[in-house]
Amino acid sequence: MKLEHIGIAVKSLGFSDELFAKLLGQPSYKQESVEREGVITSFYSIGESKIELLEASKKESPISKFIEKKGEGIHHLAFGVENILEEVVRLKKEGFEFISEEPKEGADNKLVVFLHPKSTNGVLVELCQEKP
């Protein structure tokens, strides 16, 4: 398992992309819309890990609700795994709760599942695996 990326909820991808490009000294390498989740993402490579900026594309999206409740900021930590199905089984045995145990397509060519924050000290944790 490795830290794959840190997800950051933002109000304006245009403003935040400009800010992070200046901060990191490089442009985003990819922007992508994930219609099912109602988000537009922008990715930055940082060594072995990434930063994912997330802007809501729908009022009812999880990112829109997050920003409404907590404001902009860190939304989730994502850990890259070799076999997402094995990790779901392993972590369930360890007592972790999932928002959904069935992997679904995420951004950046990944299969993803999310652990419920109530079982991870209030932190939304994403597991992600490269799509085969």
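Values below: every heavy atom of this structure, side chains too, minus hydrogens, waters and symmetry copies.
Remark: Glu35 pairs with Ser33, Lys58 by the side chain to side chain contact (heavy atoms under 4.5 Å, CB included) rule, at least two apart or across chains. Among residues two or more places apart in sequence or in another chain, the side chain to side chain contact (heavy atoms under 4.5 Å, CB included) test is passed with Pro62 by Glu37. Judged as a side-chain hydrogen bond (donor to acceptor under 3.5 Å, both in side chains), and not counting sequence neighbours, Thr41 has no contacts. In this view, Gln26 satisfies the side-chain hydrogen bond (donor to acceptor under 3.5 Å, both in side chains) rule with no residue, not counting sequence neighbours. Looking at residues two or more places apart in sequence or on another chain, you find no side-chain hydrogen bond (donor to acceptor under 3.5 Å, both in side chains) involving His75. Looking at residues two or more places apart in sequence or on another chain, you find a salt bridge (Lys or Arg N to Asp or Glu O under 4.0 Å) between Lys22 and Glu18. Residues passing the ring pair (Phe, Tyr, Trp, His ring centres under 6.0 Å) test with Phe20: none are found, sequence neighbours excluded. Every residue meeting the side chain to side chain contact (heavy atoms under 4.5 Å, CB included) condition with Tyr29, not counting sequence neighbours, appears here in chain and number order: Phe43, Ser45, Lys50, Asp108.
The other members of the hydrophobic cluster of Phe114, by chain and number, are Ile99, Val112, Leu124 (side-chain heavy atoms under 4.5 Å, ILVMFWY only). Taking a 4.5 Å side-chain heavy-atom cut-off between Ile, Leu, Val, Met, Phe, Trp and Tyr, the cluster of Val39 extends to Val34, Leu54, Ile63, Phe66, Ile67.
Within the model, atoms CG of Leu111 and CD1 of Ile84 stand 6.0 Å from one another, a figure rounded to the nearest 0.5 Å. Atom-to-atom distance recorded for Leu127:CG and Leu85:CG is 11.0 Å, nearest 0.5 angstrom. To the nearest 0.5 angstrom, Ile51 atom CD1 is 12.0 Å from Ser16 atom OG. Atom CD of Gln129 and atom CG of Asn109 lie 10.5 Å apart (nearest 0.5 Å). Rounding to the nearest 0.5 Å gives a distance of 15.5 Å between CD of Glu48 and NE2 of His5. Interatomic distance, CD of Glu82 versus CE of Met1, reported as 11.0 Å (0.5 Å rounding).
Connection of Leu3 to Tyr44 is established within a shared hydrophobic cluster, with ILVMFWY side chains joined at heavy-atom distances below 4.5 Å, either directly or through further cluster members. Note on Val123: it clusters hydrophobically with Ile74, by side-chain heavy-atom contacts below 4.5 Å among ILVMFWY residues. Cluster membership check: Phe96 does not share its hydrophobic cluster with Val89, using side-chain heavy-atom separations under 4.5 Å among Ile, Leu, Val, Met, Phe, Trp and Tyr.
Annotation: Asn121, atom CG; neighbour count of heavy atoms from other residues, nucleotides and ligands within 6.0 Å does not exceed 12.
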- prompt: Can you list the steps and then say if Lys92 with Phe98 is a side-chain contact (heavy atoms from CB on, under 4.5 Å)?
  reply: CA-CA 8 Å; Lys92 278 182 62 179; Phe98 286 79; 3.7 Å; yes

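For the side-chain hydrogen bond (donor to acceptor under 3.5 Å, both in side chains) condition, the pairs that include at least one residue of residues 60-72, sequence neighbours left out, are Lys59-Glu68. Evaluation of the salt bridge (Lys or Arg N to Asp or Glu O under 4.0 Å) test over residues 122-132, restricted to residues two or more places apart or in two chains, returns Glu105-Lys131, Lys110-Glu130.
Comment: Lys11 does not engage Glu55 in a salt bridge, judged by the lack of any side-chain N to carboxylate O separation of less than 4.0 angstrom.
The two atoms that bring Ser28 and Gln31 nearest to each other are OG-CG, 4.2 Å, heavy atoms only. Residues Ser119 and Glu97 approach most closely at OG-N, 3.1 Å, considering heavy atoms.
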